[in-house]
Amino acid sequence: MGGMAARQNDQAEIKQKVTCKRETFEDLMDVYQLLLEAYGPRHWWPAETPFEMMVGAILTQNTTWVNVEKAIRNMGKRLTSDYIAAAPLEELGELIRSSGYFRQKAQRLKNLTEWYAQYTYDIEKARARKGEALRAELLAIKGIGPETADSILLYALDKLFFVIDAYTRRILERLGYTLPQTYDELRMVIEQNILADLTVYQEFHALLVEHAKRHCTKEPRCCACPVEGICWYRQGKVT
DNA sequence: GTCCAGGACC
DNA sequence: GGTCCAGGAC
């Protein structure tokens with residue numbers, strides 16, 4: 001009699017267990033280590049100069065990197081602050097057409113360059129400022145949101161801000177973490193649980209991108225995944 | 001041809 | 001939630 005009720009209880013408990021999530025982000029560095037061992041250091045961001053890095057950050061918004069590469073190649077020697085500052089909007093747009101949203105992005109490149117002018121296009125002058133101040137300035141630029149701002153802060157300005165993108169969310173979801181809704185909440189909880197080191201920040205984001213492309217694709221390819229041992233999606237605990 | 005991935009702003 | 005876009009997958 002009690003046996004039946006107890007069994008139903010067990011099943012209810014099991015059901016609850018499979019739908020719950022990781023409680024904390026304390027083991028994030030384990031994820032980092034596994035990805036680093038699997039893929040090796042990525043040495044991101046792929047750019048010749050800090051300015052090219054910032055340009056790439058805008059061009060890659062909602063766009064695959066191959067299309068950005070075409071745009072960067074197309075700009076060639078014109079990939080300079082002086083050219084962008086002076087070029088007609090339409091001409092600039094044509095150069096970067098392959099990266100999509102080219103009218104918006106042409107204007108955004110001009111906005112970025114206008115901001116950079118106050119540092120006389122000198123990255124060291126910008127780096128001399130506090131990260132928080134730079135972040136506020138970048139976010140005030142029309143066309144630069146949190147992800148683009150943090151990419152620029154991390155990869156061009158050497159400031160400790162963790163970059164959150166769609167790949168980051170997808171991977172962490174699948175691993176089983178409970179993600180805060182907002183960008184900054186997620187960024188800060190990650191920052192509180194990883195080593196405060198520029199290389200770790202830079203590599204971790206790059207490794208997440210690599211992982212999202214090789215294994216944690218939209219349709220996951222879990223075979224031989226370097227984090228399958230700790231992944232809750234792989235273990236059927238989350239969908 | 002249609003569909004889709006992918007940030008920021010309105 | 002709608003809009004901005006090219007290019008690759010199908």
Basic-acidic side-chain contact under 4.0 Å: A:Glu210, A:Arg214: yes
Carboxylate-amine/guanidinium contact A:Glu173 A:Arg170, below 4.0 Å: no
Test item: side-chain donor near acceptor, A:Arg108 and A:Gln104, under 3.5 Å: yes
ring-ring contact (aromatic ring centres under 6.0 Å, His included) pairs, two or more places apart, involving residues 71-92 of chain A: none
Contacts of A:Tyr233 that satisfy ring-ring contact (aromatic ring centres under 6.0 Å, His included) - sequence neighbours left out: none
For A:Tyr119, all residues meeting ring-ring contact (aromatic ring centres under 6.0 Å, His included), sequence neighbours excluded: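 Counting only residues at least two positions away or on another chain, A:Tyr119 forms a ring-ring contact (aromatic ring centres under 6.0 Å, His included) with A:Trp115.
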First and last nucleotide of DNA chain C, 5' to 3', lying under 4.0 Å from heavy atoms of chain A: C:dC4 to C:dG8
Nucleic acid contacts of residues 89-116 of chain A, taken as heavy-atom distances under 4.0 Å to DNA chain C: A:Arg97, A:Ser98, A:Gly100, A:Tyr101, A:Phe102, A:Arg103, A:Gln104
Selection: residues 55-70 of chain A, any non-hydrogen atom under 4.0 Å of DNA chain C: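 Result for residues 55-70 of chain A: A:Asn67, A:Lys70, sorted by number.
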Check: A:Tyr121 ring centroid to A:Phe51 ring centroid under 6.0 Å: no
From A:Leu59 atom CG to A:Ile96 atom CD1, the distance as rounded to the nearest 0.5 Å: 5.5 Å
Within-4.5 Å side-chain heavy-atom neighbours: A:Arg174 and A:Cys216: yes
Test item: A:Tyr177 and A:Leu28 side chains (from C-beta on) under 4.5 Å apart, heavy atoms: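 A:Tyr177 vs A:Leu28: side chains touch.
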Whole angstrom value for the distance that separates C1' of B:dC9 from OH of A:Tyr183: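 It works out to 17 Å between those atoms.
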Matching residue for A:Phe162 among A:Phe25, A:Phe204, A:Tyr32 - test: ring pair (Phe, Tyr, Trp, His ring centres under 6.0 Å): A:Phe204
Touch class at under 4.0 angstrom, heavy-atom based, for A:Tyr167 against every strand present: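 A:Tyr167: backbone/sugar contact only, no base atoms under 4.0 Å.
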Who passes side chain to side chain donor-acceptor pair (under 3.5 Å) against [X], sequence neighbours left out?
X        : result
A:His215 : none
A:Thr120 : A:Lys125
A:Gln181 : none

B:dC9 versus C:dG7 - spacing of their P atoms, nearest Å: 24 Å
Base-paired stems that DNA chain C participates in, counting runs of 3 or more Watson-Crick or G-U pairs under 3.5 Å: B:1-4 with C:7-10, B:6-10 with C:1-5
Contact list for DNA chain B against residues 138-157 of chain A - heavy-atom distance below 4.0 Å: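 Result for residues 138-157 of chain A: A:Ile141, A:Lys142, A:Gly143, A:Ile144, A:Gly145, A:Pro146, A:Glu147, A:Thr148, sorted by number.
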Side chain to side chain donor-acceptor pair (under 3.5 Å) partners of residues 140-163 of chain A, not counting sequence neighbours, each pair once: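 Applying side chain to side chain donor-acceptor pair (under 3.5 Å) to every pair that reaches into residues 140-163 of chain A, excluding sequence neighbours, yields A:Gln61-A:Thr148, A:Arg135-A:Asp150, A:Asp150-A:Tyr183.
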